[in-house]
Amino acid sequence: MYTAHPDRYADMPYRRAGRSGLKLPALSLGLWHNFGPGRPAETQRAILRRAFDLGVTHFDLANNYGPPPGAAESALGEALKADFTPYRDELVISTKAGYLMWPGPYGEWGSRKYLLSSLDQSLKRMGLDYVDIFYSHRFDPDTPLEETMGALHTAVRQGKALYVGVSNYSAEQTREAARILADLGTPLLVHQPRYSMLDRRPEEEGVLDALDELQAGSVVYSPLEQGLLTGRYLDGIPEDSRAASDSPFLNSDAVTEDLVGRLRALNGIAESRGQTLAQMALAWVLRGGRVTSALVGASSPQQLEDSVGAVRALDFDGEELARIDAVLKG
């Protein structure tokens, strides 16, 4: 029987999500393609247990995570039942709906029909009465935003979600979503954009500025850019890497000589800070407090431990930031 570590809250910083009362750990665990039948169940449970022991209280999912779709939620449901039933009120569990989940016209996007049906299915897979955060996973250009946000509001009214968020929305879409939700009486808690040293669009396209204006939080995904911002690619493409498999999320063409050179330079800066490249990349997205939490994946408890080590050095001086920018801008 799993018993959580008594000092699990000793070292992890927690940050308030916008102006809400909810605090999230600086690092959250994403249950994406690393959870499902393709991985040993005991490894998955070991990652979850180690995460919680390290103060990672937020587990993030979506309806379509797996593979197959739904598998990550089912895996979490089994782990919750086996290990975390006594700790449910110490956990923040989030899920999303928006991408293709089942065939036909009601199996994706942002209709009320799809979102609320999907949430019911997610709760059943996880064995939960409610999730802490329910997201619209992507903006739907063919459904009125009032309908999509109204469905999120309904989830809160029904007691099936405590908070709501959006993911992959532009700055203006986020502002409009927040306005609609405010009129309904359900505030926008958080936005989940893709953000890393190698993908700074939330800065460049004004998403972080919009969240500052709205006093909403942010939970960023892919802060390690599909593994590029780890030590795995410092000498090219390893045979067992995601890039070598030409994954739809990272292919070998992306790993150019120029990129490898930049990664090596960034690794040198990380070493001067006493960090791994992954730790520095995580600290970088969390710098200055604009980002509430960074999502990390893990294929082993040891990999998770390395990521969590980032919280020991979250501050940068001006010279370090200038050196990083010089590498990134070439």
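- Between the side chains of Arg112 and Thr154, at least one donor N or O lies within less than 3.5 Å of an accepting N or O.
- Contact of the Leu277 side chain with the Thr230 side chain is not registered, since no non-hydrogen atoms from C-beta on lie closer than 4.5 Å.
- Side-chain atoms of Thr148 and Ser136 form no donor-acceptor pair, as typed in the model, at a separation below 3.5 Å.
- A side-chain donor-acceptor contact under 3.5 Å links Thr85 to the backbone of Leu80.
- Between the side chains of Asp140 and Tyr114, no donor-acceptor pair is found at a separation under 3.5 Å.
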Derivation of the ring pair (Phe, Tyr, Trp, His ring centres under 6.0 Å) call for Tyr2 and Phe84: CA-CA 8 Å; Tyr2 167 68; Phe84 292 97; 5.4 Å; yes
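- For Asp325, the CG atom is densely surrounded, since the number of other residues' heavy atoms within 6.0 Å is greater than 12.
- Hydrophobic clustering of Ile, Leu, Val, Met, Phe, Trp and Tyr side chains at less than 4.5 Å, counting indirect connections, unites Leu229 with Leu29.
- Asp11 contributes atom CG, which lies 8.5 Å from atom CG of Leu54 (distance to the nearest 0.5 angstrom).
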Salt bridge (charged side-chain N to carboxylate O under 4.0 Å, His left out) assessment of Glu172 paired with Arg175: CA-CA 5 Å; Glu172 286 309 309; Arg175 288 187 178 96; 2.5 Å; yes
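- Here the two rings, on Tyr169 and Phe139, have centers that are under 6.0 Å apart.
- By the 6.0 Å and 45° rule, Arg290 does not stack over the aromatic ring of Tyr195.
- Side-chain atoms of Gln275 come within 3.5 Å of backbone N or O of Ala313 as a donor-acceptor pair.
- Residues Met149 and Leu145 have side chains in contact (heavy-atom distance under 4.5 Å, counting atoms from C-beta outward).
- In this structure, the side chains of Leu76 and Phe35 stay at 4.5 Å or more apart for every pair of heavy atoms.
- Side chains of Asp60 and Ser94: a donor-acceptor N/O pair is present below 3.5 angstrom, by distance only.
- Atom CZ of Arg287 has more than 12 heavy atoms from other residues, nucleotides or ligands within 6.0 Å.
- Contact detail for Pro67 and Pro37: the closest heavy-atom pair is O-CD, 3.4 Å.
- For Arg201, the CZ atom is loosely surrounded, since the number of other residues' heavy atoms within 6.0 Å does not exceed 12.
- Leu208 and Val219 fall into different hydrophobic clusters, where Ile, Leu, Val, Met, Phe, Trp and Tyr residues are linked whenever their side-chain heavy atoms come under 4.5 Å apart, directly or through other members.
- Remark: Leu282 CG to Leu314 CG distance equals 9.5 Å, nearest 0.5 Å.
- Other residues, nucleotides and ligands place no more than 12 heavy atoms under 6.0 Å from the CZ atom of Arg312.
- Taking the ring axis of Tyr130 as reference, the NZ or CZ atom of Lys160 does not stay both within 45° of it and closer than 6.0 Å to the ring centre.
- With 3.5 Å as the limit, one finds a donor-acceptor pair spanning the side chains of Asn168 and Tyr221.
- With values rounded to the nearest 0.5 angstrom, Leu152 atom CG is found 14.0 Å from Arg157 atom CZ.
- There is no path of hydrophobic side-chain contacts, each under 4.5 Å, that joins Val190 to Ile93.
- Hydrophobic clustering (ILVMFWY, side-chain heavy atoms < 4.5 Å, transitive): Leu189 and Leu91 are in distinct clusters.
- With rounding to the nearest 0.5 angstrom, the CG atom of Asn34 is 7.5 Å from the OG atom of Ser299.
- Side-chain contact between Leu128 and Arg88 is present, with heavy atoms from C-beta onward closer than 4.5 Å.
- Within 6.0 Å of CD on Glu257 lie no more than 12 heavy atoms contributed by other residues, nucleotides or ligands.
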Worked verdict on Arg8 versus Glu90 for salt bridge (charged side-chain N to carboxylate O under 4.0 Å, His left out): CA-CA 11 Å; Arg8 57 191 175 275; Glu90 296 183 48; 3.0 Å; yes
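- A distance-only check finds a donor-acceptor pair linking the side chain of Asp317 to the backbone of Glu320 [under 3.5 Å].
- The heavy-atom pair separating Ile133 from Gly165 by the smallest distance is CG2-N, 4.3 Å.
- When all heavy atoms of Leu27 and Met12 are compared, the pair lying nearest together is N-SD, 3.9 Å.
- The main-chain N or O of Asp53 is never found under 3.5 Å from a side-chain atom of Arg49 such that the two would form a donor-acceptor pair.
- The heavy-atom pair separating Gly217 from Leu211 by the smallest distance is O-CD1, 3.7 Å.
- Remark: the Glu205 side chain and the Ser170 side chain contain no N/O donor-acceptor pair separated by less than 3.5 Å.
- The closest donor-acceptor contact from the side chain of Arg15 to the backbone of Val291 lies under 3.5 Å.
- Considering only heavy atoms from C-beta on, Leu266 comes within 4.5 Å of Leu328 through its side chain.
- Using a distance-only test at 3.5 Å, with no hydrogens or angles considered, no donor-acceptor pair links the side chain of Arg16 to the main chain of Lys23.
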Criterion salt bridge (charged side-chain N to carboxylate O under 4.0 Å, His left out) on Asp183 and Arg179, from CA distance to verdict: CA-CA 6 Å; Asp183 288 345; Arg179 183 194 65 76; 3.1 Å; yes
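- In this structure, the side chains of Gln173 and Glu176 stay at 4.5 Å or more apart for every pair of heavy atoms.
- A donor-acceptor contact closer than 3.5 angstrom links the side chains of Gln226 and Ser222.
- Using a 30° and 60° split on the angle between ring planes, Tyr87 and Phe52 fall in the tilted class, from 30° to 60°.
- Counted by atom type alone, Thr143 and Glu147 present zero donor-acceptor pairs between their side chains at under 3.5 Å.
- Put simply, Leu295 and Leu286 are part of two different groups of oily side chains (I, L, V, M, F, W, Y) that touch within less than 4.5 Å, one to the next.
- The shortest distance between side-chain heavy atoms of Trp102 and Glu108 does not fall below 4.5 Å.
- In plain terms, the two heavy atoms of Leu259 and Leu228 that are nearest each other are CD2-CD1, 3.9 Å.
- The shortest heavy-atom contact between Pro13 and Val311 is CD-CB, 3.8 Å.
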Worked verdict on Asp120 versus Lys124 for salt bridge (charged side-chain N to carboxylate O under 4.0 Å, His left out): CA-CA 6 Å; Asp120 284 342; Lys124 184 176 181 180; over 6 Å; no
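- Rounding to the nearest 0.5 Å places CG of Leu181 at 10.5 Å from CD of Glu146.
- Counting only heavy atoms from C-beta outward, the side chains of Val327 and Met197 never approach each other to under 4.5 Å.
- More than 12 heavy atoms of other residues, nucleotides or ligands lie within 6.0 Å of OH in Tyr9, so this atom counts as buried by the packing criterion.
- Donor-acceptor pairing under 3.5 Å is recorded for the side chains of Glu225 and Ser196.
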side-chain contact (heavy atoms from CB on, under 4.5 Å) evaluation trace for Glu78 with Gln44: CA-CA 10 Å; Glu78 293 169 8; Gln44 296 173 57; over 6 Å; no
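- Residue Asp235 holds its CG atom at 5.5 Å from CZ of Arg264, rounded to the nearest 0.5 Å.
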